[in-house]
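Notes for the one structure printed next.
For the numbers below, each heavy atom of this structure counts, side chains included, while hydrogens, waters and symmetry mates do not. The first residue in the sequence is number 1, and the count goes up from there.
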Amino acid sequence: MNAPLTPGEETSLDMARGSFAPAFTLPDLTTSLPPAPFEASPAGAAEAARITALPPAGLFRRLLADQESEGVLLAARRVLAAFLAPEPDDPELPEPADADEVAAQVLAARAELAAVLAPLRTHPDPEVRTAVLRQRAPLALTGGCWLDTLSQAATQPAEIVGRLFGQHWMLQGEGTAEAGMLGRRRRALVGHGVFLSGVEAAAFLDETGARPLTALHGAFHLALSRLPASFLPEVVGVHYAAHALGLDDLLLGIEPMLAEGDVRPLLAEYLSFTEESPTGAEDRRRVLAAVRLLVRLEREHTAALAELAAWYDGLSLDARVARIVERHAPHAGRQHRAVRLGTRKLTDWLDDGQFDPAAFVREFRTARQIRPARDGGPCRFLKSIKFGGPMFGIFDEREAAVLAAWAQAVADGEPAGADLVPTTAGDERPVPGAAGSPPCGPPTCSSASPRTPATTAASSTASSPSSATRTCCRRPAPAPRPGWPRPNCSSRTGPTGC
């Protein structure tokens with residue numbers, strides 16, 4: 001052991017080395033960790049490639065279920081690189097001078113998006129309202145996850161980390177999970193008639209009907225939560241923008257636990273810290289880029305929600321029945337083997353690997369089970385789903401009402417409506433009229449050097465590209481509908497396949 005400390009000597013005992021090291025200077029105004037390479041074994045790099053090649057829902061599930069394996073951490077790094085890479089058509093905008101200017105831009109975006117969400121919240125059809133809330137649920141119920149592991153040995157005792165952890169503690173209900181943000185949002189969903197399994201359940205995404213765009217945005221949330229220390233400026237920017245916009249609480253009709261006025265001082269403090277940091281200019285650029293990214297993602301998802309609602313609005317009665325049949329077909333079992341529909345057994349229709357719900361409904365319109373009873377009562381099918389019938393309880397109240405309205409329309413001789421066409425809400429499409437616009441299918445990925453100076457995948461054992469961008473196809477806005485304003489919005493680049 002070295003000699004005793006002399007009075008006033010600024011040293012601290014490093015127990016690992018058994019010697020004295022320079023003490024921390026407090027307060028710790030760290031705004032980012034020093035950049036360093038992200039090293040991975042060949043097996044880890046191969047596993048990361050398999051993870052990022054998954055479809056969006058698979059990527060979301062893997063990032064959620066696995067928090068610390070080598071392959072998942074490298075996959076999370078690649079997801080973040082893909083999202084944080086600048087868009088090729090992003091305009092060069094002047095950087096805001098301070099937090100107030102940032103707030104003015106974000107609040108203007110909030111007002112624009114609130115105008116789009118308002119008619120979705122108050123839509124007269126409860127099926128449309130619940131469909132929108134279900135689609136938003138994967139993002140609403142993973143909100144704030146980027147703070148879960150931010151407070152750690154690598155980031156403490158940084159002042160900004162302490163401020164963020166204080167807000168995280170409050171969002172967690174100060175030790176009572178049900179009183180926290182996610183508990184309040186889940187209760188609000190139940191109040192709107194949306195009942196979902198836990199986010200970690202295998203069936204969660206299926207229950208929400210999550211579109212690929214929703215799963216990709218959720219994967220961004222989860223990827224940031226896996227590497228918050230390396231992406232501290234991005235965490236600050238995403239945290240500010242998410243709560244300043246507050247779209248989830250706005251859509252659910254609940255008061256936010258953190259409003260824009262609560263998170264603006266935190267952003268202002270971080271920006272002031274960058275003035276004293278040797279990496280301040282770059283950290284400032286990163287935090288503001290993260291704010292812009294989150295605003296862009298929320299514009300995009302809001303447009304997808306409006307597109308989904310418009311799709312529901314345009315469904316004919318036949319298409320609504322086809323959706324109900326499609327939803328229940330996988331659970332029909334073998335108990336219908338004695339029932340025939342046209343020339344085929346019902347089990348043959350439902351067990352067909354190429355089940356066509358539209359063709360099923362067309363055949364069902366002419367089936368004897370739909371013909372009105374001779375005494376003028378309901379048809380055999382409607383009797384079977386009522387109380388006392390063999391199918392009572394299979395369909396919920398809303399589904400039963402749709403089936404009854406459809407059976408009545410068939411009995412009245414109304415012609416068949418349009419077939420069910422799957423929704424494409426949030427899907428990529430070529431830019432209309434753009435020369436050489438690629439067809440939108442699997443992503444086209446290419447190596448790119450992101451402007452994110454945090455950890456990169458530069459290692460002799462992990463020679464995969466440090467980021468991947470994909471060809472972006474712009475979604476043309478649907479035809480305007482009265483009361484349905486839509487923001488101009490482009491489909492997001494994504495990491496799938498990179």
Gap between atom [atom2] of [Y] and atom [atom1] of [X] - 0.5 Å precision:
{"X": "L232", "Y": "L150", "atom1": "CG", "atom2": "CG", "value": "6.0 Å"}
{"X": "R136", "Y": "D248", "atom1": "CZ", "atom2": "CG", "value": "4.0 Å"}
{"X": "E112", "Y": "L117", "atom1": "CD", "atom2": "CG", "value": "10.5 Å"}
{"X": "L59", "Y": "L216", "atom1": "CG", "atom2": "CG", "value": "7.0 Å"}
{"X": "D419", "Y": "L315", "atom1": "CG", "atom2": "CG", "value": "11.5 Å"}
{"X": "L251", "Y": "L113", "atom1": "CG", "atom2": "CG", "value": "11.5 Å"}

Please name the residue in the list V235, D148, V238, V161 that meets the side chain to side chain contact (heavy atoms under 4.5 Å, CB included) test with P228.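 Exactly one pass, corresponding to V235.
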
Can you name the nearest heavy-atom pair linking [X] to [Y], along with the distance?
{"X": "A358", "Y": "A322", "value": "N-CB, 4.4 Å"}
{"X": "V79", "Y": "A219", "value": "CG1-O, 4.1 Å"}
{"X": "A140", "Y": "L182", "value": "O-CD2, 3.6 Å"}
{"X": "A309", "Y": "L120", "value": "CB-CD2, 3.6 Å"}
{"X": "L245", "Y": "V106", "value": "CD2-O, 3.6 Å"}
{"X": "A306", "Y": "V116", "value": "CB-CG1, 4.0 Å"}

Is it true that R163 and E159 have a side-chain N and a carboxylate O under 4.0 angstrom from each other?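 Counted as a salt bridge, because a side-chain N and a carboxylate O are separated by less than 4.0 Å.
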
Would you call D249 and R110 a salt bridge, taking side-chain N to carboxylate O under 4.0 Å as the test?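 Judged by the 4.0 Å cut-off on N to carboxylate O distance, D249 and R110 do not form a salt bridge.
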
For residues [X] and [Y], is any side-chain donor paired with an opposing acceptor at under 3.5 Å?
{"X": "E300", "Y": "H217", "result": "yes"}
{"X": "T130", "Y": "H192", "result": "no"}
{"X": "S69", "Y": "E47", "result": "no"}

Measuring only between side-chain heavy atoms, which start at C-beta, is [X] closer than 4.5 Å to [Y]?
{"X": "S151", "Y": "Q156", "result": "yes"}
{"X": "V72", "Y": "L63", "result": "yes"}
{"X": "L171", "Y": "H243", "result": "yes"}
{"X": "L64", "Y": "F204", "result": "no"}
{"X": "L147", "Y": "F165", "result": "no"}
{"X": "R327", "Y": "I324", "result": "yes"}
{"X": "R286", "Y": "V236", "result": "no"}

Of all pairs that satisfy side-chain hydrogen bond (donor to acceptor under 3.5 Å, both in side chains), the ones with a partner from residues 169-181, not counting sequence neighbours: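 As it turns out, the side-chain hydrogen bond (donor to acceptor under 3.5 Å, both in side chains) pairs with a partner in residues 169-181, which skip direct neighbours, are E178-R187.
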
Given 3.5 Å as the limit, does a donor-acceptor pair link the side chain of [X] with the main chain of [Y], or not?
{"X": "S277", "Y": "T274", "answer": "no"}
{"X": "Y270", "Y": "T31", "answer": "yes"}
{"X": "D98", "Y": "E101", "answer": "yes"}
{"X": "E207", "Y": "S197", "answer": "yes"}
{"X": "S41", "Y": "G44", "answer": "yes"}
{"X": "R211", "Y": "A425", "answer": "yes"}
{"X": "Q167", "Y": "V263", "answer": "no"}
{"X": "Q152", "Y": "T149", "answer": "yes"}
{"X": "R134", "Y": "T208", "answer": "no"}

Using the ring-ring contact (aromatic ring centres under 6.0 Å, His included) criterion, which residues pair with F220? Sequence neighbours excluded.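 Expected list: F83.
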
Given L258 and H239, is the side chain to side chain contact (heavy atoms under 4.5 Å, CB included) satisfied, shown in steps? CA-CA 10 Å; L258 282 179; H239 179 73; 4.1 Å; yes

E255, CD: over 12 other non-hydrogen atoms inside 6.0 angstrom: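 Counting neighbours around CD of E255, 12 or fewer heavy atoms of other residues, nucleotides or ligands fall under 6.0 Å, so no.
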
Please enumerate all residues that pass side chain to side chain contact (heavy atoms under 4.5 Å, CB included) together with [X], with sequence neighbours excluded.
{"X": "R186", "answer": "L141, L196, V199"}
{"X": "H221", "answer": "L139, T142, C145, W146"}
{"X": "A99", "answer": "R264, L267, A268, L271"}
{"X": "R226", "answer": "Q67, L73, A76"}

Worked verdict on L222 versus F60 for side chain to side chain contact (heavy atoms under 4.5 Å, CB included): CA-CA 8 Å; L222 295 171; F60 177 94; 3.8 Å; yes

Check step by step if side chain to side chain contact (heavy atoms under 4.5 Å, CB included) holds for E326 and L420. CA-CA 10 Å; E326 185 177 38; L420 177 65; 3.8 Å; yes

Going through the distances and angles, do L227 and F38 end up as a side chain to side chain contact (heavy atoms under 4.5 Å, CB included)? CA-CA 11 Å; L227 299 168; F38 193 115; 4.3 Å; yes

